[in-house]
Amino acid sequence: MARYRPITLEGLLMQDGRQLVLRMADGGQWRLLALGRQDHLLGRHVQVEGAREGHDIVAADRIIAK
């Protein structure tokens, strides 16, 4: 099984404590591992590109506003 599983998601970027989360339109959510600050994107609809790291974790390579 490949270790790098690329994934692209769209949803609402939120913060839960110190953890970034991406809330999906279907009610699901992903926890994000991201470097740098994304404060300017909190509460906005974004697209996340990265690699799936686990059941509900994405290591984000890129987060852009939609």
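None of the values given here were measured: they were computed from a predicted structure.
For Leu41 against Ala65, the heavy-atom pair with the smallest separation is CD2-CB, 3.8 Å. In terms of heavy-atom proximity, Met14 sits nearest to Arg23 at CG-NH1, 3.8 Å. Across Ala60 and Val48, no two heavy atoms sit closer than the pair CB-CG1, 3.9 Å. Between Leu20 and Ala34, the shortest heavy-atom distance links the atoms CD1-CB, 4.1 Å. Scanning all heavy atoms of the two residues, the minimum distance from Gly54 to Arg5 falls at N-NH2, 4.2 Å.
Panel note: side chain Glu49, backbone Ile7; no donor-acceptor pair is recorded below 3.5 Å.
In this structure, Met24 and Leu22 have side chains that are in contact, with non-hydrogen atoms separated by less than 4.5 Å. Residues Gln47 and Thr8 meet the side-chain proximity criterion, which asks for heavy atoms closer than 4.5 Å.
The CZ atom of Arg44 sits 12.5 Å away from the CD1 atom of Ile63 when rounded to the nearest 0.5 Å. Distance check: Asp16 CG to Gln29 CD gives 6.5 Å after rounding to the nearest 0.5 Å.
Trp30 and Leu33 fall into different hydrophobic clusters, where Ile, Leu, Val, Met, Phe, Trp and Tyr side chains are chained together by heavy-atom contacts under 4.5 Å. Note: the hydrophobic cluster containing Leu13 also contains Leu9 (ILVMFWY, side chain heavy atoms under 4.5 Å, direct or indirect links).
For Leu35, there are no side-chain contact (heavy atoms from CB on, under 4.5 Å) partners at least two apart in sequence or on another chain.
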